[in-house]
Amino acid sequence: MELTEHNQELYKIRHSLAHILAQAVLEIQPDAELGFGPPISTGFYYDFRLSKPFSPEDLKDIEKRMKKIIKSNQKFEQYEKSSDQTVDYLKNHNQPLKAEYAGELGEKFENLSFYQNGPFTDMCEGPHVESTRKIPKGCFKLDSIAGSYWRGDSSQPMLMRIYGLAFESKDKLTQFIEERRLAQERDHRKLGRELDLYVMDDEVGQGLPLWLPNGTVLREELESLAKDMEFQQGYQRVATPHITKESLYYTSGHLPYYKDTMYAPIEIDGDNYYLKPMNCPHHHKIFDSRLRSYRELPLRLAEYGTCYRYEHSGSLSGLLRVRALAMNDAHIYCTEDQVRDEFKAVLQMHKDYYEKFRINQYWTRLSLHASDGEKFIEAGDRWEFAEGIVRECLEDLDIPFTAERGEAAFYGPKVDFQIRNVIGREETASTNQLDFLVASRFGLKYKGEDGKEHEPYIIHRAPLGTHERFIAFLIEHFGGAFPTWMAPVQVRLIPVAEAFVDYAYEIQQILHRQSFRVQLDDSNDSFGKKIRNAVTSKIPNMLILGEKEMQSRSITWRRYCKKEQVSLGLDDYIGLLKRMRDQRFMDNFEDTQLPLED
RNA sequence: GCCCACAUGGCUCAGAGGUAGAGCACACCCUUGGUAAGGGUGAGGUCAUGGGUUCAAUUCCCAUUGUGGGCUCCA
């Protein structure tokens, strides 16, 4: 958490609570070794190495002790020790983790700071509240227990982390908890089940979703949008196999780096075949399938390619991290003169998608090479050239970015898009690379205007990331309420009584012939129940059909996102529905202007 | 992969060392109702899997698998 003047007081409260947490833990387990205990954006945590692990029930006891400490009004007082003394002191007081860190700090600082409150003392830079009484009543709550590696390094011992929530006041805490609860209501795993979008099955395997008919509609509609966008931008579609001989991944250079996160090979006819973890090598092979002329460039090859990655089991999470994923992938092969415009068009496409889906919060990370790193292929000033292009494109399009040295791919600079949805879920949506080096590994060439052979620049791009992640994100962003063009069921017909089922059936047939996904509710449920069912299924359009409607050959239209309803002539309504679908209107937002006139 | 927790009908969840219960959903019957739950009847579970302790285990212990919260990783 960044310390600014504005949140300084809150920072102190959280930081002090972290100390009080450690103090309470030491009361229960005096031999606990302390790790780090910083404030974070929702509160604080502290890491402990324990002889006996905590269980969630222990949190109540710890919280009680913390409250008691706060009540006893202990003053926070700062003092200093020399670095050498600090290391000795911590070693003698059974704090080897702190001592290790103090040893490192000692190389930079002569003296190290401590804070003491009551019987508890901790090496710490501060700042803290003056006394525990300054901590507002009821402003915190211990939240969860988690494991974490000492110093965030998986080769180090695992510590136990206790997370606490803390805000300026009890009200703010309550508000946060309520907001979090509402966000959980929109969790894509919950909505995925309720709306019959996808399931996971033990016997199929971890991280291998089965897409149900409703979820498959979402995939196909999204893919159809991408196909249209890409077609209009001059992309061509390709299709490539799911398994491939290992030598391809030696050529690409991926296998040595990523072997651990690839599925084990299938050995057949003396060759090892891998499930493909990415699409680029195949697209490169398509580029290389015949002699290319500069007249063909830019060549833009697109594929919603299914890839398989053996992700760590502990990192799998719903649709956000899976082992079978369909990437919104494409590779653009172009000349040096074209690369600026092409990269810019790719960034613009991201903006267009985000605008369409009303993803208002996004930013990027521009990852640059480091001249001293061994990780990057040596390419002289070509690195600067490529990085300059990417940077200019971001600036020209006013896309916010933070530049980071040493984070590039080994073959070129990278732009990662980070997006946040309405409930605060933040995800890396896509990574895009300007690759000026892999062409040579594959021997990719085109014949230029000058009659000589040249290596193309390659842009790797995937604005929608993977179906799995992007759909998960959209489910939460929309709260499961999709626009008509995407919705698994676009229209639900609800006759007021049995006498109107025939009229409803006729409308169903008309809409079905126009390829609308339409359902007629002719169940035994009461009228009220049918309305309720349509609403809880988040169907965007409900058509109410009764005496009135049948007489005038009309419908009464109730939208999911709006309570009020209108009656329209049948033909007028069908025309409107078609425009909403074909023009992909985002009618799931209340303020979207509908295409009432042609 | 690592740490902690959890696993009971399709879903959400009760429950107890002595062979299981609710609501919703589902099926059938009645009801034909103008904007968020009409009524009745019924079916459905080897209590995740495999071991162990016990006269007896779904309940206690161990392992496995899966899920959740984190950590690490993410072409």
Side-chain angles (χ1 to χ4, degrees), chain A residues 35 45 47-50 53-59 143-163 184 187 189-190 193-194 196 199-207 249 252-262 276-281 307 309-318 320-323 325 327 329 409-411 414 416 428 431 433 435 438 460 462 466 469 494-501 522-537 542-549 556-558 560 563-565 567:
Chain A
Y45 69 77
D47 286 340
F48 306 93
R49 181 147 68 176
L50 304 168
F54 281 128
S55 75
E57 291 87 74
D58 296 323
L59 291 185
D143 194 38
S144 61
I145 295 179
S148 70
Y149 294 110
W150 167 236
R151 316 212 65 174
D153 179 345
S154 57
S155 65
Q156 298 274 5
M158 178 63 65
L159 309 179
M160 294 212 75
R161 174 173 297 179
I162 296 180
Y163 280 98
Q184 282 161 354
D187 189 299
R189 289 165 295 193
K190 183 171 153 63
R193 203 181 309 110
E194 289 170 3
D196 289 322
V199 290
M200 299 283 193
D201 188 292
D202 288 4
E203 212 170 352
V204 175
Q206 276 188 303
Y249 299 115
S252 71
H254 286 101
L255 193 53
Y257 285 108
Y258 296 110
K259 200 173 169 112
D260 287 349
T261 47
M262 287 165 71
K276 71 170 166 181
M278 80 292 284
N279 302 302
C280 8
C307 300
R309 295 180 181 180
Y310 186 69
E311 300 285 0
H312 286 174
S313 61
S315 63
L316 299 173
S317 176
L320 288 171
R321 185 74 83 83
V322 291
R323 286 177 170 172
L325 41 120
M327 288 181 70
D329 217 351
F410 65 88
Y411 46 71
K414 226 167 52 162
D416 294 337
T428 300
T431 116
Q433 294 127 26
D435 169 1
V438 164
H460 305 237
T466 69
R469 182 173 294 191
I494 303 181
V496 167
E498 205 173 330
F500 314 110
V501 167
D522 58 356
S523 68
N524 274 345
D525 290 328
S526 65
F527 181 67
K529 186 64 185 292
K530 289 179 186 183
I531 299 285
R532 179 186 156 83
N533 284 342
V535 173
T536 55
S537 306
M542 233 181 283
L543 301 189
I544 316 298
L545 307 165
E547 181 68 33
K548 207 170 64 182
E549 288 81 6
T556 293
W557 179 33
R558 174 169 160 166
Y560 176 79
K563 187 100 195 193
E564 70 258 42
Q565 51 193 21
S567 290

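Each chain gets a letter, A, B and so on, in the order its sequence line appears, and its residues count up from 1. All values derive from a computational prediction rather than experimental measurement.
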>> Evaluate A/Q565 against A/T556 for side chain to side chain donor-acceptor pair (under 3.5 Å), listing each step before the verdict.
In response: CA-CA 7 Å; A/Q565 51 193 21; A/T556 293; 5.8 Å; no

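- One atom, CD of A/E57, and another, P of B/rC6, lie 7 Å apart when rounded to the nearest Å.
- Closest approach to the A/E498 side chain among B/rC4, B/rG33, B/rU72 is made by B/rG33 (side chain taken as heavy atoms from C-beta onward).
- If you measure from atom CG of A/L50 to atom C1' of B/rC2, you get 16 Å, rounded to the nearest angstrom.
- Along RNA chain B, the nucleotide nearest A/Y149 and the nucleotide nearest A/R161 are compared for position; the residue whose nucleotide lies closer to the 5' end is A/Y149.
- Among the atoms of the strands shown, only primed sugar atoms or phosphate atoms (P, OP1, OP2) are found under 4.0 Å from some heavy atom of A/R189.
- The nearest whole Å value for the distance from the CZ atom in A/R49 to the P atom in B/rC4 is 15 Å.
- Minimum atom distance to the side chain of A/Y163 is reached by B/rG70, of the listed B/rG70, B/rG1, B/rA75.
- Nearest heavy atoms, A/Y163 versus A/A146: CE1-CB, 3.9 Å.
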Mind listing the N/O atom pairs, protein and nucleotides 23-26 of chain B, below 3.5 Å?
| residue | atom | partner | partner atom | Å |
| --- | --- | --- | --- | --- |
| B/rA25 | OP1 | A/K529 | NZ | 2.7 |

>> For a side-chain contact (heavy atoms from CB on, under 4.5 Å) check, start with the C-alpha distance between A/R532 and A/S526, then their side-chain angles and the critical distance, and finish with the verdict.
In response: CA-CA 10 Å; A/R532 179 186 156 83; A/S526 65; over 6 Å; no

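- Distances were taken from every side-chain heavy atom of A/H312 (C-beta onward) to each of B/rU35, B/rG1, B/rC4; the shortest belongs to B/rG1.
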>> Could you spell out the base pairing of RNA chain B as a dot-bracket line? Use Watson-Crick and G-U wobble contacts where both distances are under 3.5 Å, [ ] for crossing pairs, | for partners on a different strand.
In response: (((((((..((((....[..)))).(((((.......))))).....(((((..]....))))))))))))....

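- B/rG45 sits 8 Å from B/rU8 when the C1' atoms are compared, rounded to a whole Å.
- Panel note: side chain A/K530, backbone A/S523; a donor-acceptor pair is recorded below 3.5 Å.
- For B/rU65, its base never sits under 3.5 Å from the side chain of A/Q206 at any donor and acceptor pair.
- Across every non-hydrogen atom of A/R321 and A/R469, the tightest pair is NE-NH2, 3.8 Å.
- Remark: P of B/rC73 and CG of A/L320 are 19 Å apart, rounded to the nearest angstrom.
- For A/Q184 and B/rG68, a side-chain-to-base donor-acceptor distance below 3.5 Å is absent, hydrogens and geometry of angles not being considered.
- Contacts of A/R321 with the nucleic acid, taken as non-hydrogen atoms under 4.0 Å apart, include base atoms.
- Residue contacts shown for A/G546 include a base, since a base heavy atom lies under 4.0 Å away.
- Among the protein residues, A/E549 comes within range of the nucleic acid bases, having at least one heavy atom under 4.0 Å from a base atom.
- Using a 4.0 Å heavy-atom distance criterion, A/T556 is classed as a base contact.
- The side chain of A/R558 has B/rU35 as its nearest neighbour among B/rG68, B/rC2, B/rU35.
- Between the side chain of A/T261 and the base of B/rA75, a donor-acceptor pair under 3.5 Å is found.
- With B/rG1, B/rU32, B/rA75 as the choices, the nucleotide that has an atom nearest any side-chain atom of A/P277 turns out to be B/rA75.
- A/F48 and A/F54 have perpendicular rings, their planes meeting at more than 60° on a 0 to 90° scale where under 30° would count as parallel.
- Judged by ring centres under 5.5 Å apart and planes tilted less than 30 degrees, A/Y258 stacks against the six-membered base ring of B/rA75.
- One can place CD of A/Q565 at 13 Å from C1' of B/rA36, the figure rounded to the nearest angstrom.
- Atom C1' of B/rG42 sits at a distance of 15 Å from the matching atom of B/rG9, rounded to the whole Å.
- Within 4.0 Å (heavy atoms only), A/N524 reaches at least one base atom of the nucleic acid.
- When each of A/S526 and A/M158 is assigned the nucleotide of RNA chain B bearing its nearest heavy atom, the one mapping closer to the 5' terminus is A/M158.
- Protein atom CZ of A/F54 is 18 Å distant from nucleotide atom P of B/rC3, rounded to whole Å.
- For the pair A/Q156 CD and B/rC71 P, the interatomic distance rounds to 17 Å; values are reported in whole Å.
- Straight-line distance from the CG atom of A/D202 to the C1' atom of B/rA48: 8 Å, rounded to whole Å.
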